[in-house]
There are 2 protein chains.
Amino acid sequence: MVNKEIALDTEEKIWKAATKVFERDGYAGARMQVIADEAGINKALLHYYFRSKEKLFGKIFIEKYNKFFSTLAILADQDMEFFEKIDTVIDSYMEMLLENPEMPSMLINTITHHPELIDKLNMEGAQKIRGVLQSEAEKGNIIAVESLQILTSVVGLCIMPFLAKPIAMHIFKLDMEFYQEVLNKRGPFVKKAIRAILKP
Amino acid sequence: MVNKEIALDTEEKIWKAATKVFERDGYAGARMQVIADEAGINKALLHYYFRSKEKLFGKIFIEKYNKFFSTLAILADQDMEFFEKIDTVIDSYMEMLLENPEMPSMLINTITHHPELIDKLNMEGAQKIRGVLQSEAEKGNIIAVESLQILTSVVGLCIMPFLAKPIAMHIFKLDMEFYQEVLNKRGPFVKKAIRAILKP
DNA sequence: CCAAAAATTGACCAATTGGTTAAATTAAAT
DNA sequence: ATTTAATTTAACCAATTGGTCAATTTTTGG
């Protein structure tokens with residue numbers, strides 16, 4: 001048998017390198033040679049562990065996003081008061097974004113260019129949260145609008161400063177500290193904003 | 001001299017074809033041969049009119065996004081009551097998105113991968129609107145938060161359903177008519193939401 | 001220690017890529 | 001009508017790309 005530790009190590013190095021390169025350059029822009037260099041290994045070894053560029057990308061993508069969506073699912077199931085639940089979701093979302101600012105555009109791009117991957121994502125989390133929103137609206141605790149309007153609002157409010165970062169920093173000539181402060185204050189701001197929006 | 005009409009026609013065909021392909025496949029994913037085919041011309045003719053892939057992409061990108069941002073600048077200068085101005089911006093933004101749903105992710109991707117193009121964008125529009133927000137906050141007409149929080153909220157609320165469309169339709173198994181209805185109702189929803197958020 | 005299995009590599013390949021060029025066609029000018 | 005300039009094309013090119021393979025090194029199990 002093979003040395004599992006070393007094998008795992010190499011696989012891990014590839015995983016990290018590929019993640020970095022795919023996130024930075026996108027699928028079409030990524031180069032297998034660049035990934036190999038980044039991992040400090042031979043290009044042929046990439047194909048030895050993961051058969052093709054597509055398979056490598058697909059595996060990384062699915063693992064990363066399923067991890068995120070399963071976190072959402074757990075949150076939605078927790079026994080909490082409604083706004084507490086919303087707050088927890090927002091916190092979790094913001095935390096994830098602070099660590100992976102590229103996730104939203106990555107997700108959108110991938111769904112657009114590799115629609116076959118959608119089916120491999122386990123989206124219970126989003127569905128459960130939508131269910132919660134619908135039942136709250138029926139109870140009259142929040143405004144009566146299609147739950148998608150609310151869902152996209154929460155996500156949009158959380159995501160936008162991350163998406164807009166490079167553009168906003170340039171347009172308004174901001175420095176990193178200033179923008180980081182905006183990002184840090186975003187969570188509390190979104191929580192207040194959502195409360196204001198949802199008030200019946 | 002050359003026949004200007006025919007020349008313009010060819011250039012226009014290239015322009016349209018390239019716009020379509022770049023929007024669909026992204027810069028890295030786009031192929032000059034595909035653009036040539038789409039335009040119904042020889043690939044060498046692409047390089048005759050636009051010297052390189054980069055130049056072709058840059059010109060199209062700058063023209064399209066400057067047109068949008070200059071619209072914003074005009075709106076910001078109009079003599080209107082504050083919320084009327086906000087509403088007009090939202091309307092203009094939604095209208096643009098309905099016709100060009102790919103613009104947000106295109107903008108973000110381009111800024112990330114071709115940062116040198118930012119400098120060629122004329123962003124007065126955004127700056128003026130930020131100024132308006134700041135002065136309204138000082139007057140106490142709206143909540144006192146960093147104007148970027150508001151700006152990103154307006155944009156995020158408008159954009160999100162367009163960005164999320166392919167994913168949302170799949171997760172929740174929605175049909176096109178249903179989703180179109182959500183998009184059509186988005187403008188009024190965002191206007192109400194922003195009013196609720198901004199109330200001091 | 002040794003043979004089998006697994007991991008790793010360098011050299012290579014066919015296909016694709018953006019881009020060029022010289023020749024052919026078409027339009028303009030005199 | 002003929003020269004000149006602009007447009008268009010087919011063929012070509014060098015570089016890059018994802019991917020393969022035979023050979024070598026390392027690890028493992030007996």
Side-chain angles (χ1 to χ4, degrees), chain A residues 1-62 106 109-110 113-117, chain B residues 1-62 106 109-110 113-117:
Chain A
M1 251 286 270
V2 68
N3 182 336
K4 277 257 173 175
E5 280 177 55
I6 284 175
L8 258 181
D9 229 271
T10 303
E11 212 171 307
E12 225 167 72
K13 280 193 298 185
I14 296 177
W15 194 274
K16 277 188 183 176
T19 303
K20 177 177 172 181
V21 174
F22 280 134
E23 279 171 357
R24 190 190 56 205
D25 301 338
Y27 177 79
R31 298 286 165 254
M32 295 297 266
Q33 185 60 60
V34 173
I35 294 173
D37 292 347
E38 180 79 29
I41 55 150
N42 189 287
K43 183 169 61 115
L45 205 53
L46 275 185
H47 291 87
Y48 178 75
Y49 279 89
F50 306 85
R51 299 168 40 124
S52 68
K53 187 185 180 184
E54 271 193 24
K55 287 210 162 74
L56 175 57
F57 178 80
K59 282 197 174 183
I60 291 176
F61 176 81
I62 296 300
M106 187 73 168
N109 263 303
T110 305
H113 294 88
H114 305 267
E116 73 287 354
L117 288 177
Chain B
M1 252 285 271
V2 68
N3 183 337
K4 278 259 172 172
E5 280 175 57
I6 286 175
L8 259 181
D9 230 271
T10 304
E11 213 172 305
E12 225 168 71
K13 279 193 299 187
I14 296 177
W15 195 273
K16 277 189 184 173
T19 302
K20 178 177 171 181
V21 174
F22 279 134
E23 278 171 359
R24 190 190 58 207
D25 301 339
Y27 176 78
R31 298 285 167 254
M32 294 298 267
Q33 186 60 58
V34 174
I35 294 173
D37 292 348
E38 180 79 30
I41 54 153
N42 189 287
K43 181 168 63 113
L45 205 53
L46 277 184
H47 292 86
Y48 178 76
Y49 279 91
F50 305 85
R51 297 166 42 122
S52 69
K53 188 185 180 185
E54 271 195 24
K55 288 209 161 74
L56 174 58
F57 178 79
K59 281 197 176 184
I60 290 175
F61 176 81
I62 296 299
M106 187 73 169
N109 263 301
T110 304
H113 293 87
H114 305 267
E116 67 296 349
L117 288 178

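All of these numbers come straight from a predicted model, not from anything done at the bench.
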**Student:** Hey, could you give me the CG/CZ distance between Leu46(A) and Arg51(A), rounded to the nearest 0.5 Å?
**Tutor:**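 Result: 14.5 Å between the selected atoms.
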
**Student:** Let me know the distance between OH of Tyr48(A) and P of dA5(C), rounded to the nearest Å.
**Tutor:**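 Between P of dA5(C) and OH of Tyr48(A): 12 Å.
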
**Student:** Output the rounded distance in Å from CG (Leu45(A)) to C1' (dT8(C)).
**Tutor:**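 That distance rounds to 6 Å.
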
**Student:** Can you see if the side chain of His47(B) gets near the phosphate of dG19(C) - specifically, an N or O under 4.0 Å from OP1 or OP2?
**Tutor:**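 His47(B) to dG19(C) OP1/OP2: side-chain N or O found under 4.0 Å.
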
**Student:** What are the two closest non-hydrogen atoms of Trp15(B) and Ile60(B), and how far apart are they?
**Tutor:**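 Trp15(B) and Ile60(B) have their closest heavy atoms at CZ2-CA, 3.6 Å.
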
**Student:** With sequence neighbours excluded, what pairs up with Lys16(A) under the side chain to side chain contact (heavy atoms under 4.5 Å, CB included) test?
**Tutor:**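 Scan of Lys16(A) (side chain to side chain contact (heavy atoms under 4.5 Å, CB included), adjacent residues dropped) gives none.
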
**Student:** Without decimals, in angstroms, what is the distance between Lys43(A) NZ and dC13(C) P?
**Tutor:**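 It is 14 Å, rounded to the nearest whole Å.
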
**Student:** To the nearest Å, give me how far apart CD1 (Ile14(A)) and P (dT8(C)) are.
**Tutor:**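 Result: 8 Å.
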
**Student:** Roughly how far, to the nearest 0.5 Å, is NZ of Lys53(A) from NE2 of His47(A)?
**Tutor:**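 Spacing of NE2 (His47(A)) from NZ (Lys53(A)) equals 9.5 Å.
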
**Student:** To the side chain of Tyr49(A), which of dT8(D), dA7(C), dT20(D) is closest?
**Tutor:**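 Within the option list, the nearest is dA7(C).
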
**Student:** Figure out the CZ/C1' separation between Phe50(A) and dT20(D), and round it to whole Å.
**Tutor:**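 Whole-Å distance recorded here is 18 Å.
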
**Student:** Report all side-chain donor-acceptor pairs from residues 21-36 of chain B shorter than 3.5 Å, counting only partners two or more places apart or in another chain.
**Tutor:**
from     : atom 1 : to       : atom 2 : distance (Å)
Glu23(B) : OE2    : Lys64(B) : NZ     : 2.3
Arg31(B) : NH1    : Ala28(B) : O      : 3.1
Gln33(B) : NE2    : Asp37(B) : OD1    : 3.0

**Student:** Go through dT7(D), dT8(C), dT20(D) for me and flag the one nearest to the Thr10(A) side chain.
**Tutor:**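 That would be dT8(C).
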
**Student:** To the nearest Å, give me how far apart OH (Tyr27(B)) and P (dT17(C)) are.
**Tutor:**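 Taking atom P of dT17(C) as the reference, OH of Tyr27(B) is at 14 Å.
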
**Student:** Nearest whole angstrom, please: distance from the C1' of dG19(C) to the CE of Met32(B).
**Tutor:**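 To the nearest whole Å, that distance equals 8 Å.
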
**Student:** Please work out which residues in residues 33-42 of chain A have a non-hydrogen atom less than 4.0 Å from an atom of DNA chain C and list them by number.
**Tutor:**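 Correct list: Ile41(A), Asn42(A).
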
**Student:** Check for me whether the distance between the ring centres of Phe57(A) and His114(A) falls short of 6.0 Å.
**Tutor:**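 Ring centroids of Phe57(A) and His114(A) are less than 6.0 Å from each other.
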
**Student:** Just how far, in rounded Å, is C1' of dT16(C) from CZ of Arg31(B)?
**Tutor:**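 Checked: the CZ to C1' distance equals 8 Å.
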
**Student:** Contact class for Ala28(B) (heavy atom, under 4.0 Å): base, sugar-phosphate, or nothing?
**Tutor:**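 Contact class for Ala28(B): none.
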
**Student:** Roughly how far apart are Ile14(A) CD1 and Asp9(A) CG, rounded to 0.5 Å?
**Tutor:**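 Result: 11.0 Å between the selected atoms.
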
